[in-house]
Amino acid sequence: MAKAATKGTKKAAAKPAAKMAKPAAKVTAAKMSAKAVKPAAKAAPKATAKAALKAKAQPAKKPAVKLSMLRPSVNNMTVRVFTRAAGLDHAETDAWGLTRTPEFLARNPAHLTPMIEDKGLPRGVLWESCAIMQYLANKHGLDKFYPKAPAKRAMVDSAMFYLVGTLYPYVARATYPALGFPQYAGEVGHSDAHPDKKSEAQKAAIAAIAEPLEVFHSFFRDGKPFIGGNNPSIADIRLAATLEFLAVIDYALPNWAKDYMAAIEKKLGKAYVEPAGDVRGYIAHVKAQATA
């Protein structure tokens, strides 16, 4: 009986206590809430002001890579496409008419573009489009464009070197006269040879383009969409940019090359279209001038 009475007493006592606690809790919560609101309301403008001052005080973020380039050039187009496709933080400077100035030559005695400026470089600058893409891909771990696997990387390198050493000289000899670009020293186009001789040299270069083109198709692509496989590599970007120049002489690209260029443009989207637009615009201007 004693135990039962004790339990009943505890329950009975607990109920009034609980009822009494509720109003107290409400009053306390209301007071605390009121106290908490006042300081917060006062602190809000100060916090906003501090945030605004902090935002103003922060200096503008400097681009990771500075790129000096020439818009009508496919060599320059190559790096412009790559930096966009890779999503690299960069800033472009149009170096048209500036590459022979003392300021430019002090940094780049070869007076070539594209040229990047980057803290990690021993001399602070780097030119040659293929070297620039290789460096940036290595630095930022862009395996998608430049695979780390030795065998796959070797094929990308081989394709680029073959392009620079074999295909591009043909393209330059074939297109530079029409583009109004100076020929390289030692070339017939650069000499005082009779115009007929220059025309013959240009025709010979145009005829020679077909062979290396087929090598890219049958050997380097080997049934794949791109040299890099399912995604364009830095070699693909360099090849597509090179083929853009052939439009100035209305070169009849094989169907596979047309499809290949369209596939790269579709895959890279705006990253390709914007720089290509500058090259295409210049070519259209040159052709319009020739027929005027």
If I compare all heavy atoms of [X] with all of [Y], which pair ends up nearest, and what's the gap?
X      : Y      : answer
Ala95  : Phe104 : CB-CE1, 4.4 Å
Ala240 : Ile264 : CB-CD1, 3.7 Å
Ala174 : Ile206 : CB-CG1, 3.5 Å

With sequence neighbours excluded, tell me which residues meet ring-ring contact (aromatic ring centres under 6.0 Å, His included) with His217. Trp256

Which residues satisfy the ring-ring contact (aromatic ring centres under 6.0 Å, His included) test with Phe216, sequence neighbours excluded?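 So Phe216 forms a ring-ring contact (aromatic ring centres under 6.0 Å, His included) with Tyr162, Phe220.
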
Assess whether atom CD of Glu211 is packed by more than 12 heavy atoms of other residues, nucleotides or ligands within 6.0 Å. no

Could you list all the salt bridge (charged side-chain N to carboxylate O under 4.0 Å, His left out) pairs where at least one residue sits in residues 162-175, not counting sequence neighbours?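 Sorted pair list: Arg173-Glu187.
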
Would you mind listing every salt bridge (charged side-chain N to carboxylate O under 4.0 Å, His left out) that reaches into residues 138-152, with sequence neighbours excluded?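 Every pair satisfying salt bridge (charged side-chain N to carboxylate O under 4.0 Å, His left out) with a residue in residues 138-152: Asp118-Lys139.
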
Mind checking side-chain hydrogen bond (donor to acceptor under 3.5 Å, both in side chains) for [X] and listing every partner two or more places apart, or none if nothing turns up?
X      : value
Gln183 : none
Glu274 : Arg84
Thr113 : Asn76
Arg238 : Asn75, Ser129, Thr242

What side chain to side chain donor-acceptor pair (under 3.5 Å) pairs are there with at least one residue in residues 282-291, not counting sequence neighbours? Asp250-Lys287

Any pair counted as side chain to side chain donor-acceptor pair (under 3.5 Å), so long as it reaches residues 199-210, sequence neighbours left out: none

Mind checking salt bridge (charged side-chain N to carboxylate O under 4.0 Å, His left out) for Asp259 and listing every partner two or more places apart, or none if nothing turns up? none

Evaluate side chain to side chain contact (heavy atoms under 4.5 Å, CB included) for Glu244 paired with Tyr272, printing each intermediate quantity in order. CA-CA 11 Å; Glu244 288 283 350; Tyr272 186 92; 2.7 Å; yes

Quick one, Asp278 and Pro72 - any side-chain contact, counting heavy atoms below 4.5 Å?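 They are not in contact (no side-chain heavy atoms under 4.5 Å apart), so the answer is no.
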
Can you tell if the side chain of Leu239 reaches within under 4.5 Å of the side chain of Leu167, non-hydrogen atoms only? yes

Consider side-chain contact (heavy atoms from CB on, under 4.5 Å). Of Val74, Val171, Ile283, which one does Leu246 pass it with? Val171

For the residue pair Tyr260 and Glu265, confirm or rule out a side-chain donor-acceptor distance under 3.5 Å.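 No donor-acceptor contact under 3.5 Å links the two side chains.
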
Under the side chain to side chain contact (heavy atoms under 4.5 Å, CB included) rule, collect the residues that match up with Glu117, sequence neighbours excluded.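 Partners of Glu117 under the side chain to side chain contact (heavy atoms under 4.5 Å, CB included) test: Lys66, Ser68, Arg107, Met115, Val125.
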
